[in-house]
Visitor: 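One structure, as structure tokens, below. Some questions next.
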Amino acid sequence: MRLQNKVALITGGGGGIGRATAELFAREGARVVVVDINQETGTETVRLVQEAGGDAFFVQADVSRAADCERMVAEAEARYGQLNVLFNNAGIMHSQDDDAVHTDEAIWDLTMAINLKGVFLGCKYGIPALRRAGGGSIINTASFVALLGAATPQIAYTASKGGVLALTRELAVVHAREGIRVNALCPGPLRTEMLMRFLDTEEKRQRRLVHIPMGRFGEAREMAYAALYLASDESSYVTGAEFVVDGGITAAYVTPE
Ligand code: NAD
């Protein structure tokens, strides 16, 4: 029960990492606010948590909209009385996101609005709630592509995740003496809906797998365990970190055959 007596809000809670984290956080004693733009998948996560004996409820919100972010935090406090953990995890990877020449401005704007402004807005409304609770932990989902360039470009996605890292670092410093810790989770490529929809041929998958020392994609569950550590008091001296969980990708030059 590593999150006993804590309330955690998870955006993108209807999907891979968000759902696995909601289930794990609830098993560890947290009351969980599941936020997603998709009502169907979000309520399904709540059902799964409740079926396992956990406590959760759903808030439909678009993280790129300020009013929605303000409301999701207000609903969390109204229902559970406090907010201790904020997991800004919602994100998109658009199929038309490409290199600078081939990416439409609209795709750039949409990606930035959700992946980067969404994290800013979560913090804008979440930090006052964490203050009211006497401190807390913020986890922002970035990506290994914030640290490495890829010749299979997704320029808006990559730039948005680089922004998440910079934003996380500064927030960590600004709020360090208020008992609010802010860390970025940098997942490697995962076997979730988001990436597998995109890597729809064996050739595309192999193009990535060759760079992964472990030779496999990560699992949402493996990100949830990392988020659990960052959410819990066990990480009480960890702030401003780029918490890389990537099967060794960022450590590798040549990988095993
Ligand atoms: P996913 O697509 O399974 O889940 C993302 C969830 O976010 C979905 O449920 C979706 O409905 C929700 N969402 C999308 N736009 C939203 C919005 N505007 N407001 C609220 N919710 C919204 O993907 P995932 O793999 O679980 O990704 C979660 C996070 O991890 C994302 O930020 C993603 O960029 C990041 N990430 C993923 C990978 C990967 O390989 N899958 C790697 C590195 C980082």
Side-chain angles (χ1 to χ4, degrees), residues 9-24 33-46 48 58-73 86-95 97 107 109-122 125 139-148 150 152 154 156-165 167-168 184-199 204-205 208-209 211-212 216-224 226-227 242-247 249-250:
L9 185 155
I10 301 171
T11 70
I17 297 176
R19 176 173 290 171
T21 305
E23 292 186 276
L24 180 62
V33 186
V34 176
V35 175
D36 207 285
I37 197 168
N38 186 325
Q39 175 154 20
E40 202 176 314
T41 58
T43 49
E44 174 61 9
T45 299
V46 167
L48 290 167
F58 175 66
V59 179
Q60 186 173 25
D62 175 348
V63 297
S64 69
R65 295 166 54 100
D68 283 20
C69 289
E70 189 171 19
R71 182 172 48 80
M72 73 186 184
V73 172
L86 173 62
F87 189 14
N88 291 307
N89 167 72
I92 61 159
M93 199 170 73
H94 204 284
S95 59
D97 189 2
I107 302 300
D109 287 347
L110 178 67
T111 303
M112 287 295 168
I114 297 171
N115 293 8
L116 184 53
K117 190 169 86 172
V119 174
F120 158 68
L121 290 173
Y125 296 105
I139 306 155
N140 298 326
T141 304
S143 169
F144 72 109
V145 300
L147 303 165
L148 290 176
T152 47
Q154 292 173 299
Y157 183 85
T158 298
S160 73
K161 295 302 187 179
V164 170
L165 275 195
L167 181 137
T168 300
L185 177 65
C186 295
L190 306 180
R191 213 169 52 88
T192 63
E193 173 72 16
M194 171 181 273
L195 191 66
M196 291 305 113
R197 197 184 323 121
F198 184 71
L199 302 182
K204 285 187 195 167
R205 287 189 287 274
R208 275 80 179 170
L209 284 171
H211 296 286
I212 307 175
R216 65 171 177 86
F217 294 110
E219 302 290 337
R221 176 180 41 83
E222 295 174 306
M223 303 307 120
E242 295 168 5
F243 203 84
V244 177
V245 188
D246 71 346
I249 299 172
T250 49

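Below, each value reflects all heavy atoms present in this structure, side chains not excepted, and no hydrogens, waters or symmetry copies. When a ligand or atom number is given, it counts from 1 through the structure's own listing order.
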Visitor: Can you name the atoms of ligand 1, numbered from 1 with element, that are less than 4.0 Å from a heavy atom of I114?
Guide: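 Close to I114: 15 (N), 18 (N).
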Visitor: Is any side-chain heavy atom of L121 closer than 4.5 Å to a side-chain heavy atom of K117?
Guide: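 Yes, close enough: below the 4.5 Å cut-off.
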Visitor: Kindly identify the option in F217, Y157, F198 whose heavy atom sits closest to atom 34 (O) of ligand 1.
Guide: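 The nearest heavy atom belongs to Y157.
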Visitor: Is ligand 1 less than 4.0 angstrom away from at least one heavy atom of A113?
Guide: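 It does not, in that no heavy atom of A113 comes within the 4.0 Å cut-off of ligand 1.
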Visitor: Return the option from G218, G15, S160, G14 holding the heavy atom at the smallest distance from atom 4 (O) of ligand 1.
Guide: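 The residue whose heavy atom sits nearest atom 4 (O) of ligand 1 is G15.
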Visitor: Check side-chain contact (heavy atoms from CB on, under 4.5 Å) between D36 and all other residues, then give those that pass, not counting sequence neighbours.
Guide: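 side-chain contact (heavy atoms from CB on, under 4.5 Å) check on D36 returns N38, T41, F58.
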Visitor: With heavy atoms of G188 as the reference, note each atom of ligand 1 found under 4.0 Å away.
Guide: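 Here the atoms of ligand 1 in question are 40 (O), 42 (C), 43 (C).
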Visitor: Enumerate the atoms of ligand 1 whose separation from the nearest heavy atom of A61 is less than 4.0 angstrom.
Guide: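 Taking each heavy atom of A61 in turn, ligand 1 has 19 (N), 20 (C) under 4.0 Å.
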Visitor: So, 4.0 Å and heavy atoms of T141: is ligand 1 close enough to count as a contact?
Guide: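 True for this residue.
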Visitor: Consider ligand 1: state whether an atom of it lies below 4.0 angstrom from any non-hydrogen atom of A220.
Guide: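 The answer is no: ligand 1 sits nowhere under 4.0 Å from a heavy atom of A220.
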Visitor: Using ring pair (Phe, Tyr, Trp, His ring centres under 6.0 Å) as the criterion, list what pairs up with F120, not counting sequence neighbours.
Guide: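 Per chain and number, F120 pairs via ring pair (Phe, Tyr, Trp, His ring centres under 6.0 Å) with no residue.
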Visitor: Students should be able to answer this: which protein heavy-atom is nearest to atom 8 (C) of ligand 1, and at what distance?
Guide: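 Going atom by atom, the protein heavy atom closest to atom 8 (C) of ligand 1 ends up being D36 OD2, 3.5 Å.
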Visitor: Report the nearest protein non-hydrogen atom to atom 15 (N) of ligand 1: residue, atom name, distance rounded to 0.1 Å.
Guide: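 Going atom by atom, the protein heavy atom closest to atom 15 (N) of ligand 1 ends up being I92 CG2, 3.7 Å.
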